[in-house]
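Data block below; observations after.
Note that the structure is predicted; figures quoted are calculated from it, not measured.
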Amino acid sequence: MRKFTKLCLCTVAAAALAAGCGKKDVQETTVAETTAAQTQEEVPEGKVTLGEYKGLEIAEVDTTVTDEQVENQISYVLDSNPEEVEVTDRAAKDGDVVNIDYVGMKDGEAFAGGTAEGYDLELGSGTFIDGFEDGLIGANVGDELSLNLTFPEDYGSAELAGQDVVFDVTVNAIKEKKDAVLDDAFVQRISQTSKTVEEYRAEIRTMLEENAKENAEYQKQNDVMDQVIAASSFEGLDAQVDAELEQQLAQMQLALDQSSMSLSDYASMFGMDEDGFKDYMRSDIENSIKISLVTKEIAAQENMEVDDDARMDVAAIYGLDSPDELIQTYGQEALDEAARNIMVMNFLVENAKIVEE
């Protein structure tokens, strides 16, 4: 089961997978989307009969952070942040980072998205289409090259898929990656607060401890909600799940259409075929609806009212000082539902029996 308190507030969660959570321009609304939304409004909400939800047993979670975990995290940071040393006495080779300006042209005209200045590209990363990075191996600082390339047939943009293009590239700089060394200079490059290696170790330990406590709280919430759902009975979910799935697929198709991508292609990114992806979405939607019904019913039985403090709890999760931006982006109803979920989850954990793991 998912982490409840960090759910995206978008009403259509599947669309967020394709396009990212965000406010949608009214002009993007289509007939298909409007129909799906209307269908959703016409379908009656399912019903829940709660089982026991107080006094449930959940395991205490060990939040100890070991020295080994601290060192492993530091090693990860070192590997992720190699030093880049500019070189001027040799040509670019595989693994180097080249800083380039480039212009992509089709039939002699620059095409959208094919131009950049001061772009850092790691050769061999596979970031660009075949031939682009290989074409820069052997280039020197100041070289100006023309790369005759062909976009792949399955490229996301129908306008460019399978098309012959020319990239005019200027090499501004060549940088060699070197393994970072844990010293005070590295710490000052990577940390906003620490100045020495020992301070950085303490910073990493504090971060890991905070993460461990946060994850432990999520695990308790997940465990107790699993038990509440298992003890409850539900009616009339199928029609609501079907309508929500239709709405989410319509929203997702809007986002995919903008990137000239099919649902089947998108599903393959997650190792699924289209039917399997829809089954996954349906299961996720059903679980979300059950959570919503359960939290709403518990809030009603316990006379919980969403207040400004609860809304601020949601804003804090998103690193905001006020819920105003969330209200503007997702709406008051979505914000209050998220706030209610947090209130209920905290209530369930507070009223559970914590036992040894």
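The closest side-chain heavy-atom distance from Leu136 to Leu121 is below 4.5 Å. Using a 4.5 Å heavy-atom threshold, the side chains of Leu56 and Leu348 count as separate. Between Arg90 and Val87, some side-chain heavy-atom pair lies under the 4.5 Å cut-off. With a 4.5 Å cut-off on side-chain heavy atoms, Gln73 and Leu208 count as touching.
In this structure, CD1 in Ile58 is found 6.5 Å from CG in Asp223, a value given to the nearest 0.5 Å. Atom CG of residue Asn287 and atom CG of residue Leu237 lie 11.0 Å apart, to the nearest 0.5 angstrom. A distance of 10.5 Å separates CG of Leu50 from CD1 of Ile229, quoted to the nearest 0.5 Å. Atom CG of Asp313 sits about 5.5 Å away from atom CD1 of Ile342, to the nearest 0.5 Å.
Between Glu217 and Lys213 there is no salt bridge, since no side-chain nitrogen of the basic residue lies less than 4.0 Å from a carboxylate oxygen of the acidic one. Here Lys220 pairs with Glu60 in a salt bridge; the nearest charged N to carboxylate O distance falls below 4.0 Å.
Under the salt bridge (charged side-chain N to carboxylate O under 4.0 Å, His left out) criterion, no residue pair touches residues 145-162, with sequence neighbours excluded. Applying the salt bridge (charged side-chain N to carboxylate O under 4.0 Å, His left out) test to every pair with at least one member in residues 114-143, sequence neighbours left out, gives these pairs: Asp120-Lys175, Glu122-Lys177. Sorted by first then second residue, the salt bridge (charged side-chain N to carboxylate O under 4.0 Å, His left out) pairs that include residues 189-201, not counting sequence neighbours, are Glu71-Arg201, Glu198-Arg201.
Under a hydrophobic-cluster definition in which Ile, Leu, Val, Met, Phe, Trp and Tyr are linked whenever side-chain heavy atoms come within less than 4.5 Å, directly or via other members, Phe270 and Leu256 are assigned to the same cluster. Put simply, Val169 and Val98 are part of the same group of oily side chains (I, L, V, M, F, W, Y) that touch within less than 4.5 Å, one to the next. In the hydrophobic clustering of ILVMFWY residues, with side-chain heavy atoms under 4.5 Å counting as a link, Ile291 and Met281 come out together. Follow the hydrophobic side-chain contacts under 4.5 Å out from Met269 and you reach Met272 in the same cluster. Under the 4.5 Å side-chain heavy-atom criterion for Ile, Leu, Val, Met, Phe, Trp and Tyr, Phe167 and Val97 are members of distinct hydrophobic clusters.
Judged by distance alone, with hydrogens and angles left aside, the side-chain atoms of Ser283 form no donor-acceptor pair with the main-chain N or O of Asp279 at under 3.5 Å. With hydrogens and angles disregarded, a donor-acceptor distance shorter than 3.5 Å links the side chain of Glu52 to the backbone of Lys54. At least one donor-acceptor pair closer than 3.5 Å links the side chain of Asp62 to the backbone N or O of Thr64. Between the Gln240 side chain and the Gly46 main chain, a donor and an acceptor come within less than 3.5 Å of each other. The backbone N or O of Val197 lies less than 3.5 Å from a partner atom in the side chain of Asp184, making a donor-acceptor pair. Side chain of Thr66 to backbone of Gln69: a donor-acceptor contact under 3.5 angstrom is found.
The nearest pair of heavy atoms linking Met252 to Tyr266 is CE-CE2, 4.0 Å. Taking all atoms of both residues into account, the shortest heavy-atom contact from Leu123 to Asp94 is O-OD1, 3.2 Å. Smallest separation of non-hydrogen atoms from Ala110 and Val103: CB-CG1, 4.1 Å. Minimum interatomic distance between Gly118 and Asn99 (heavy atoms only, all atoms of both residues): O-ND2, 3.2 Å. Across all their heavy atoms, Ser232 and Val294 have their closest contact at OG-CG2, 4.3 Å. Residues Ala91 and Ile174 come closest through the heavy atom pair C-CD1, 4.1 Å.
Considering Ile190, Asn72, Val187, Leu182 as possible partners of Val77, the one that fulfils the side-chain contact (heavy atoms from CB on, under 4.5 Å) test is Ile190.
Residues that satisfy the salt bridge (charged side-chain N to carboxylate O under 4.0 Å, His left out) test with Glu45, not counting sequence neighbours, are Lys296. Shown here are the side chain to side chain contact (heavy atoms under 4.5 Å, CB included) partners of Asp238, two or more places apart in sequence or in another chain: Arg282. Under the salt bridge (charged side-chain N to carboxylate O under 4.0 Å, His left out) criterion, Asp67 pairs with Arg205, sequence neighbours left out. The side-chain hydrogen bond (donor to acceptor under 3.5 Å, both in side chains) check on Thr196 picks up nothing, with sequence neighbours excluded. For Ser292, the side chain to side chain contact (heavy atoms under 4.5 Å, CB included) test picks out Glu337, Arg340, with sequence neighbours left out. Applying the side chain to side chain contact (heavy atoms under 4.5 Å, CB included) rule to Met304 yields the partners Ala299, Glu302, Met343, Val344, Phe347; only residues at least two apart in sequence or on another chain are considered. Residues passing the side chain to side chain contact (heavy atoms under 4.5 Å, CB included) test with Glu305, sequence neighbours excluded: none. Residues forming a salt bridge (charged side-chain N to carboxylate O under 4.0 Å, His left out) with Asp308 (at least two apart in sequence, or on another chain): Arg311. Asp265 pairs by the salt bridge (charged side-chain N to carboxylate O under 4.0 Å, His left out) definition with nothing, not counting sequence neighbours.
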| message | Working note: Gln301 + Glu297, criterion side chain to side chain donor-acceptor pair (under 3.5 Å); need CA distance, chi angles, decisive distance, verdict. | response | CA-CA 6 Å; Gln301 292 197 18; Glu297 184 63 21; 3.1 Å; yes
| Intermediate values then yes/no, side chain to side chain contact (heavy atoms under 4.5 Å, CB included), Leu145 and Asp168 | CA-CA 6 Å; Leu145 305 92; Asp168 289 337; over 6 Å; no
| request: Show the numbers, then the answer: is there a side chain to side chain contact (heavy atoms under 4.5 Å, CB included) between Phe186 and Leu78? | output: CA-CA 9 Å; Phe186 173 80; Leu78 284 168; 3.6 Å; yes
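Taking the six-membered ring where the residue is Trp, Phe151 and Tyr155 present tilted rings, their angle falling between 30° and 60°. Ring planes of Phe132 and Tyr102: perpendicular class, angle over 60° (limits at 30 and 60°).
Donor-acceptor pairing under 3.5 Å is recorded for the side chains of Glu203 and Thr193. For the residue pair Thr127/Ser125, the side-chain donor-acceptor check at 3.5 Å is satisfied. One side chain, Glu244 or Gln248, offers a donor N or O that lies under 3.5 Å from an acceptor on the other. Side chain to side chain, Gln219 and Asn215 fail the donor-acceptor criterion of an N or O pair below 3.5 Å. No side-chain donor-acceptor contact under 3.5 Å links Thr150 and Gln163. Of the N and O atoms on the side chains of Asp101 and Thr170, not one donor lies less than 3.5 Å from an acceptor on the other residue.
For Lys47 and Phe234, the positive end is not near the middle of the six-membered ring at less than 6.0 Å and at most 45° from its axis.
With ring centers used as reference points, Phe128 lies under 6.0 Å from Tyr119.
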